[in-house]
Amino acid sequence: MTFLIAGQTPRLSKVNLFTLFSLWMELFPSVEHLKKSQVKKAGLVVVKNMKIVGLHCSSAELHAGQIALIKHGSRLKNCDLYFSRKPCSTCLKMIVNAGVNKISYWPADPEVSLQIEVSNPTTTEDAKLDAKAVERLKSNSRVRVCVLLQPLVYYMVQFVEETSCKCDFIQKIAKTQPGFNTDFYAECRQERIKEYESLFLISNEERHKQILRTIGLENLCENPYFSNLRQNMKDLILVLATIAASVPAFEHFGFFCNGSQQTREMYHQSLPQEIARHCMIQARLLAYRTEDHKTGVGAVIWAEGKSRSCDGTGAMYFIGCGYNAFPVGSEYADFPHMDDKQKDREIRKFRYIVHAEQNALTFRCQDIKPEEESMIFVTKCPCDECVPLIKGAGIKQIYAGDVDVGRKKADISYMKFGELEGVSKFTAVATKSISC
Ligand SMILES: Nc1ccn([C@H]2C[C@H](O)[C@@H](COP(=O)(O)OP(=O)(O)OP(=O)(O)O)O2)c(=O)n1
């Protein structure tokens, strides 16, 4: 069933995109063993001028806020920080001191967990003291510490469901299924929903209210505000789970170089599958900010430093991200939105839309260093306009959808990706043996 009227594609708001990214960063595959403790792992998105300039998560030794301080220092001034959990006082005092603009957090269990541990009541006492200190820091600083999440636009959940099921990765796996079906997708999605609800939602409503009161959100404890809040949270979790399921860890599927191209060297350079999948899901999230009514594309660039850093992301660090959209600052009516099936060449969208990879390169916040491994994750095959840009920028690896490879459409073609040499290309395929 299609819920959409042509030309009316729902978009994720920037605030919701950043909020979802913070939750998703909490789930960044751990490169080290994290002990079970009262301090929960948190994800963090650092935003400057409404652009992401940092993606981080806690490590075994440091909280996400501490990592942001180490990595950005005084550049945190005027940034907005989106946390997947309300940060503790140790982090907050330093962040406030750095002069950030706003701090948004997901309104469930904070970083220093308030989920009562029957076995150890003193830790809960400490957590309550920390929550008090956080409130005092908040009220005595000029920084806004708040919950910024917004209700999703109408039809967003349905739109994400429809488009996720049709995305390159699901279609590719479905083709290998007897009877060409996507049942595996529905199953995977249900599992993700359960998993993320248990992590990001407090199932017991009374317990949730208690926590909200302790962290200074008593005004959200009355209805209809409380039920609206929970509904917003549930919808966002649903969107995250649906998108995460669209790049599933399914049987022998993963991101590999095409059989004949895969050398042992490439095999060793390539990322662990779970990290590649994580980054591709970031790109999928970005695609829901597209301004193209028909085809949303997201791209994210990461690099792998020479050695592991203090970040929970290990040696990986964020370089830039983008989605396909009209030039910055343009208004809805400035450019044509039509594609080749609808209108004459002169009034089609293609000459005006800036591609996801182009935006990721333009608005990157770090240089691409030739001595390091850098990688771009794109939800769709890079087109002939973008392939030379990616290579020219010195990006070493491309992880992409490949459904369009070798296709020449009326205004956009995908011929160069297949022929591209000197950049390793990883697409979603079933495991192949490595040829040396
Ligand atoms: N690697 C890519 C590939 C495409 N795009 C963007 C540019 C356009 O906004 C849109 C074009 O997508 P399609 O090639 O799918 O063309 P249509 O949107 O016309 O769809 P169709 O497949 O029906 O031709 O995607 C992008 O940002 N990055």
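In listed order, ligands and their atoms are each counted from 1. Note that these values count all heavy atoms, side chains included, but never hydrogens, waters or copies made by symmetry.
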Qualifying residue for ring pair (Phe, Tyr, Trp, His ring centres under 6.0 Å) with His278, from Trp24, Phe255, Tyr399
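The option that passes is Trp24.
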**Report entry** Residues Glu385 and Gln358: side-chain donor-acceptor under 3.5 angstrom
**Finding:**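 There is such a pair (donor and acceptor under 3.5 Å, judged by atom type) between the side chains of Glu385 and Gln358.
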If the cut-off is 4.0 Å to any non-hydrogen atom of [X], which atoms of ligand 1 fall inside it?
X      : answer
Lys409 : 13 (P), 14 (O), 15 (O), 16 (O), 21 (P), 22 (O), 24 (O)
Ile412 : 14 (O)
Asp292 : 8 (C), 9 (O), 10 (C)
Ile353 : 9 (O)
Lys349 : 17 (P), 18 (O), 19 (O)
Glu357 : 1 (N), 2 (C), 26 (C), 27 (O), 28 (N)
Tyr414 : 3 (C), 4 (C), 12 (O), 13 (P), 14 (O)
Pro382 : 1 (N)

**Item:** Minimum heavy-atom distance between Met25 and Leu44, given as atom pair plus value
**Value:**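 In terms of heavy atoms, the two residues are closest at CB-N, 4.1 Å.
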Residues passing the ring-ring contact (aromatic ring centres under 6.0 Å, His included) test with Phe226, sequence neighbours excluded, are His208
Region of [X] engaging ligand 1 - heavy atom pairs below 4.0 Å:
X      : answer
Gln358 : neither
Cys381 : backbone
Lys294 : side chain
Tyr323 : neither

Is there a polar contact between ligand 1 and [X], counting only N or O atoms under 3.5 Å apart?
X      : value
Thr295 : yes
Arg407 : no
Val354 : no

**OP:** Carefully, step by step, assess His56 and His63 under the rule ring-ring contact (aromatic ring centres under 6.0 Å, His included).
**Re:** CA-CA 10 Å; His56 311 280; His63 299 187; over 10 Å; no
Listed by chain and number, what are the salt bridge (Lys or Arg N to Asp or Glu O under 4.0 Å) partners of Arg277, not counting sequence neighbours?
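Here no residue qualifies.
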Partner of Asp292 under side chain to side chain donor-acceptor pair (under 3.5 Å), picked from Lys349, His355, His337, is Lys349
Quickly, which of Arg85, Lys41, Lys40 forms a salt bridge (charged side-chain N to carboxylate O under 4.0 Å, His left out) with Glu26? Name it, please.
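Result for salt bridge (charged side-chain N to carboxylate O under 4.0 Å, His left out) with Glu26: Arg85.
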Measure the distances from the heavy atoms of Cys386 to every atom of ligand 1 and state whether one is below 4.0 angstrom.
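Outside the 4.0 Å threshold, so no.
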Step by step, work out the ring-ring contact (aromatic ring centres under 6.0 Å, His included) result for Phe184 and Phe250.
-> CA-CA 8 Å; Phe184 67 95; Phe250 187 75; 4.7 Å; yes
Between the CG atom in Leu81 and the SG atom in Cys91, the distance rounded to the nearest 0.5 Å is 10.0 Å
